[in-house]
Amino acid sequence: MVSAKSVSVAPAPHMCTLVLFSFHLLVLSVPFASSSDSVLCIEREREALLAFKANLTDPSGRLASWTDADCCRWKGIRCNNLTGNVVKIDLKNSFPESARGAALLENGDLEAYERSCLGGEITPSLLELKHLEYIDLSANDFQGILIPRFFGMFENLCYLNLSYSSFAGEIPSHFGNLSKLNYLDLNAGSYGNSGMFQLTSTDLHWISRMSSLQYLDLSLVKLDSLGSDWFLAINMLPDLIELHLRRCDIQSLPSSLPKKLDMTANSFYGPVPDDFMNLKSLEFLDLNSLYLEGQLPRFSGGLCQLKRLDLSGNKFTRGLKDFFDAFSNCSQALLEYLDLSANGLEEELPDTLGSAKSLQYLALGMTEMWGSIPASIGDLSSLRMLDLSFNGMNGTISESLGRLSELEELYLQANSWTGVVTETHLMNLTKLQHVIIRTDSIKSLIFNVKNDWVPPFKLKSLDLVNCLLGPRFSTWLQFQSELTSVYLKNTGISDQMPKEWLSKISHQLAYLDLSDNQITGELPHQMISPDLRVIDLRNNLFEGQVPFWSTNATHFYLQQNSFSGPIPSNIGELMPALVYFFLSENRINGSIPSSLLKMKSLQVLSIRSNQLSGEFPENWSELQLLWVLDLTNNSFTGNIPISIGSLSALSILMLGDNDLEGVLPSSMQNLSLISIDLSGNRLSGKLPKWIGENTTYIWMIRLRSNLFDGYIPDGFCNLPILRILDLAENDISGPIPKCFGNLTSLVYGNSSVMYNKYSRFHRYMYQQEAVVMFKGRPLKYSTTLEYVNYIDLSGNRMSGNIPDEITGLFQLGIMNLSHNYLNGEIPDHVGKLRSLETLDLSYNDLSGKIPPSMSDLTFLSHLNLSYNNFSGQIPTGNQFQVLNDLSMYTGNPFLCGNPLPNSCSNGTGTSDEPVDDDDRLEDGSNMTGIYISLASGFGVGLCGVCFILWVKDILS
């Protein structure tokens with residue numbers, strides 16, 4: 001990638017620089033002493049340096065060479081070769097710059113960096129070095145000590161760099177005495193301690209006396225108390241070329257500027273001041289993340305001289321066309337770097353874009369632009385990087401893009417591109433290395449490239465998502481033999497996998513994503529891929545054995561294919577670094593090998609819907625990072641082991657649809673589950689009381705189709721983010737807890753902070769699935785599962801009334817209480833369940849009238865009240881006008897009214913019209929009356945017979 005940092009323009013030669021240069025030329029003309037014993041170092045200066053060293057901490061031994069007699073040969077010390085005076089101290093940390101910053105934590109190198117730092121105290125003994133011209137202590141860690149005031153006494157000093165070294169307190173005003181200083185870097189950033197120490201300045205007037213200063217960096221120095229005249233001192237520096245004031249809490253812009261200005265991430269608001277419009281000497285301007293708004297500045301006086309401009313991360317909303325129009329007035333526009341990303345420029349990319357002919361780096365991502373890429377893009381003949389990502393671009397990509405012969409990086413992701421890409425778009429891109437084109441409109445961008453076309457470029461990374469490339473795996477793709485990253489997700493390829501091409505790139509490949517296609521065939525069983533970290537082949541038609549290629553892979557997604565065979569017994573040795581392991585919905589058989597349970601980096605294990613069998617594994621205790629375990633829909637037998645409770649990170653436990661048995665181990669109360677699915681097994685015992693006591697932030701509980709018995713513990717009511725509760729088809733008894741009305745998420749919906757926190761994190765890395773009974777039929781939910789609000793207690797032995805409190809669950813969408821022994825009436829306020837779509841109360845002993853408020857359930861599309869003892873007229877109006885399926889009222893002989901054939905005109909709930917006997921026999925509701933009559937007659941007759949026998953017995 002082209003660096004976002006432009007190379008600094010060298011300051012004009014200063015007297016210090018000229019003297020040093022002349023001095024070195026003179027030294028070259030003087031023959032060096034051949035004796036290795038000659039000592040150049042001055043003893044008093046050597047003693048001063050040793051005193052300096054004695055007060056420093058040096059855990060890595062960087063100053064180990066500071067022992068011999070000649071201090072001029074010590075590491076980091078340079079002397080004048082004629083006089084022997086020390087002129088340079090360069091003790092900057094040599095720890096690789098690319099490995100500093102956030103990378104220290106990401107790579108686990110923080111401890112190594114801290115060991116490489118010098119620290120301690122800086123003693124005044126250095127004042128003996130009266131000829132010192134250069135000091136660099138950057139990237140060390142001085143743990144918040146003050147910058148020594150005596151630094152202001154080195155009257156010959158030309159260069160001072162104390163950046164990223166954790167100094168704190170007020171910058172000494174004595175620096176104003178350094179009249180020869182031309183480079184001062186006090187950047188208060190910090191690598192190791194994350195900005196724990198603060199460097200400040202409440203008065204910058206001392207700067208005005210540093211008449212030779214050319215480069216000044218005060219980034220991250222707290223300057224918020226300076227007031228609005230802070231820049232007066234800056235303006236008095238006649239030779240200043242480059243000024244960096246990043247994140248200084250400054251709230252106003254200077255009225256005059258050096259050639260290079262970086263004021264990133266300060267607290268400016270409003271439009272760019274008019275003074276900026278006529279700046280003629282400005283070459284470098286960085287004003288990103290400043291809250292600037294309104295129209296883009298036109299820079300009518302100085303845009304032609306600018307070489308770098310960064311206005312990203314502001315709130316500009318217009319002016320894109322005027323901005324590029326201004327270049328047409330330049331005889332030669334020098335702008336090489338332009339970043340306007342992360343603004344709100346809801347405009348088309350103008351045709352005058354091509355006026356900035358010197359552009360090498362153009363970043364217009366996240367600007368809300370729309371439309372097409374104009375043909376003038378081809379005029380930017382020097383362009384090396386183009387970023388139009390994350391916009392609303394909804395047009396075509398101009399063929400003139402193919403004229404950008406210097407282009408190396410092309411980023412067009414997250415737009416809605418349309419049209420066709422042909423060889424013309426690509427024919428001259430000889431230096432192209434990195435391409436990302438991802439469309440939001442699936443397959444609206446078509447690659448119509450001849451199958452035998454050979455491209456002129458060799459890509460390092462190729463990312464084409466939702467573009468139509470197929471159905472063939474084209475030659476131009478297979479020609480790319482230097483790829484390290486391949487993303488061809490959902491590209492319509494239905495061809496056989498080219499094994500030869502895959503083997504060719506395997507040695508350098510780091511990322512491989514061919515998901516959501518219909519690629520067929522078997523993959524190579526053995527392939528050397530030492531750098532391969534991510535393998536994503538999900539949702540294709542691959543067959544054969546699972547390919548275990550890379551010993552360093554961390555992400556392995558092979559779900560939704562037709563892979564078969566067992567998981568290798570040595571999987572733990574084959575892929576020891578694995579973090580995410582997905583083999584769901586294949587034909588994997590056998591058992592889980594013991595070596596898999598020793599993969600200590602594993603966080604997600606999903607092998608649902610396969611043909612795995614055997615005893616459920618016993619020892620899970622080594623997987624301490626595992627937060628998802630999904631073995632749903634296999635054939636595991638045996639008990640859930642106690643060791644499951646030792647998985648301290650486990651959040652999602654999915655073991656449904658197996659053949660597990662026994663009681664849940666008490667060790668499971670140690671888990672911090674947010675989702676549990678144990679449905680479709682033969683688990684028994686009481687419902688676990690630890691749910692709601694130890695485990696409170698759980699949003700889904702599915703225990704249906706087991707052998708659980710007993711009451712529902714009150715702890716189930718202490719679950720503020722519970723949205724799915726499925727206890728159906730068990731042997732649960734007792735009443736429905738009244739405290740169900742306390743289920744917060746079913747009252748207020750998605751407002752729970754904890755639910756949002758968990759769902760966002762887990763949804764990104766792992767997509768849960770569950771089967772929900774919706775409208776009487778099983779329906780699989782995955783991407784929309786988090787929006788399901790569901791209670792299913794059906795198929796148990798629950799008794800008592802439906803509590804009124806349950807009508808306060810305003811967000812409840814599905815409620816199934818069927819096939820129980822519930823009695824009493826439906827609560828009058830059931831109409832408050834305004835989100836209810838499915839309500840099943842069938843096969844209970846409920847009675848009374850159907851509450852009129854039920855007509856207020858405007859979302860209700862499935863209702864089943866069959867086989868209860870309801871009576872009276874069915875409510876009319878609203879939702880009851882569309883709920884006209886007779887079967888939902890079957891088995892309630894005393895109901896009447898539409899849609900039933902018996903009207904309620906006689907007020908008895910029976911029909912006024914004669915009903916023929918055949919009709920009664922066909923209607924189950926009329927059979928009830930027949931059975932009652934037969935039973936009554938039989939009873940009277942039996943009593944009569946008994947009475948006669950009794951009389952006879954008395955008379956005899």
Side-chain angles (χ1 to χ4, degrees), residues 16 40-59 61-80 83-93 117-188 190 197-203 206-207 209-210 212-213 218 221:
C16 252
L40 188 63
C41 177
I42 297 173
E43 182 60 25
R44 71 174 183 278
E45 294 190 356
R46 181 179 183 275
E47 293 298 325
L49 287 172
L50 288 175
F52 170 55
K53 175 189 174 183
N55 286 275
L56 294 177
T57 58
D58 181 19
R62 286 167 52 194
L63 306 183
S65 65
W66 287 30
T67 55
D68 62 329
D70 193 354
C71 65
C72 297
R73 297 181 180 180
W74 292 354
K75 184 176 181 179
I77 302 298
R78 293 292 180 272
C79 299
N80 184 311
T83 66
N85 294 117
V86 174
V87 294
K88 182 176 183 178
I89 298 177
D90 185 356
L91 296 178
K92 66 174 177 289
N93 195 337
C117 290
L118 297 176
E121 298 291 330
I122 301 174
T123 63
S125 65
L126 290 179
L127 287 174
E128 286 293 334
L129 312 179
K130 301 184 183 303
H131 299 272
L132 201 59
E133 299 171 359
Y134 187 108
I135 299 176
D136 190 340
L137 300 176
S138 61
N140 287 290
D141 188 0
F142 286 96
Q143 291 289 314
I145 69 171
L146 299 176
I147 296 177
R149 296 172 63 183
F150 66 79
F151 274 13
M153 301 173 67
F154 292 116
E155 58 184 26
N156 292 309
L157 202 62
C158 298
Y159 182 102
L160 178 59
N161 189 347
L162 305 179
S163 64
Y164 288 92
S165 286
S166 299
F167 288 101
E170 182 81 5
I171 298 174
S173 60
H174 295 68
F175 277 10
N177 299 328
L178 303 176
S179 59
K180 294 183 180 180
L181 197 70
N182 58 44
Y183 187 102
L184 176 60
D185 190 345
L186 300 179
N187 189 313
S190 179
F197 307 110
Q198 183 67 64
L199 197 60
T200 64
S201 181
T202 56
D203 185 358
W206 51 269
I207 288 181
R209 306 199 307 274
M210 304 174 74
S212 301
L213 203 60
L218 298 178
V221 176

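Not counting sequence neighbours, S65 has no partner by the side-chain hydrogen bond (donor to acceptor under 3.5 Å, both in side chains) test. In this view, K92 and D90 satisfy the salt bridge (charged side-chain N to carboxylate O under 4.0 Å, His left out) rule, not counting sequence neighbours. Partners of D68 according to the salt bridge (charged side-chain N to carboxylate O under 4.0 Å, His left out) rule, which considers only residues two or more places apart in sequence or in another chain, do not exist here. Partners of E155 according to the side chain to side chain contact (heavy atoms under 4.5 Å, CB included) rule, which considers only residues two or more places apart in sequence or in another chain, do not exist here. With sequence neighbours excluded, no residue satisfies side-chain hydrogen bond (donor to acceptor under 3.5 Å, both in side chains) with N55. Contacts of Y183 classified as ring pair (Phe, Tyr, Trp, His ring centres under 6.0 Å), with partners at least two apart in sequence or in another chain: Y159, Y215. Residues that satisfy the side-chain hydrogen bond (donor to acceptor under 3.5 Å, both in side chains) test with R46, not counting sequence neighbours, are absent from this structure. Under the ring pair (Phe, Tyr, Trp, His ring centres under 6.0 Å) criterion, F52 pairs with no residue, sequence neighbours left out. Scanning for ring pair (Phe, Tyr, Trp, His ring centres under 6.0 Å) contacts around W74 gives W66, with sequence neighbours left out. Partners of C41 under the disulfide bond (SG atoms under 2.5 Å apart) rule, at least two apart in sequence or in another chain, are C71. Residues satisfying the side-chain hydrogen bond (donor to acceptor under 3.5 Å, both in side chains) test with R78, not counting sequence neighbours, are none.
Note that the SG atom of C72 and the CD1 atom of I42 stand 7.5 Å from one another [nearest 0.5 Å]. Taking CE from M153 and CG from L178, the interatomic distance works out to 11.0 Å, rounded to the nearest 0.5 Å. One distance of note links NZ of K180 with CG of N182; it measures 11.5 Å at 0.5 Å rounding. Summarising the geometry, atom CG belonging to D203 is positioned 8.0 Å from atom CD belonging to E170; distances are rounded to the nearest 0.5 Å. The NE2 atom of H174 sits 4.0 Å away from the CZ atom of R149 when rounded to the nearest 0.5 Å. Considering CG of L199 and CD1 of I171, their distance stands at 4.5 Å, rounded to 0.5 Å.
Under the 4.5 Å side-chain criterion, counting only non-hydrogen atoms from C-beta, Y164 is not in contact with N93. A 4.5 Å side-chain heavy-atom check between T83 and H131 finds every atom pair outside the cut-off. Put simply, the side chain of L160 reaches to within 4.5 Å of the side chain of L181, judged on heavy atoms. Under the 4.5 Å side-chain criterion, counting only non-hydrogen atoms from C-beta, L137 is in contact with I122. Side-chain contact between I145 and F167 is present, with heavy atoms from C-beta onward closer than 4.5 Å. Proximity of N85 to E45: side-chain heavy atoms (C-beta onward) are separated by under 4.5 Å at one or more points. Annotation: side chain of I207 is in contact with side chain of L218 (closest heavy-atom distance under 4.5 Å). Between N177 and R209 the shortest side-chain heavy-atom distance falls below 4.5 Å.
Counting heavy atoms of neighbouring residues, nucleotides and ligands inside a 6.0 Å radius, atom CD of E43 exceeds 12 of them.
Not one N or O on the side chain of S166 forms a donor-acceptor pair closer than 3.5 Å with the backbone of D141. Panel note: side chain S165, backbone A139; a donor-acceptor pair is recorded below 3.5 Å. Looking only at distances, no side-chain donor or acceptor of Q143 sits under 3.5 Å from a matching main-chain atom of G119. Remark: side-chain polar atoms of N187 are not paired, donor with acceptor, to backbone N or O of S163 under 3.5 angstrom. Between the side chain of R62 and the main chain of L91, a donor-acceptor pair closer than 3.5 Å is present.
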Quiz prompt | Audit row: I77, I89, side chain to side chain contact (heavy atoms under 4.5 Å, CB included) steps and yes/no | solution = CA-CA 5 Å; I77 302 298; I89 298 177; 4.0 Å; yes
Quiz item: Please walk me through it: do V86 and Y134 pass side chain to side chain contact (heavy atoms under 4.5 Å, CB included)?
Solution: CA-CA 10 Å; V86 174; Y134 187 108; over 6 Å; no
Quiz prompt | From CA spacing to verdict: side chain to side chain contact (heavy atoms under 4.5 Å, CB included), L186, N161 | solution = CA-CA 6 Å; L186 300 179; N161 189 347; over 6 Å; no
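Heavy atoms only, all atoms of each residue included: P148 and P172 are closest at O-CG, 4.1 Å. Closest non-hydrogen pair, A168 versus G144, comes out as CB-O, 3.5 Å.
Side chain to side chain, K130 and N156 fail the donor-acceptor criterion of an N or O pair below 3.5 Å.
Ring geometry, F154 versus F151: the interplanar angle falls from 30° to 60°, so the pair is classed tilted.
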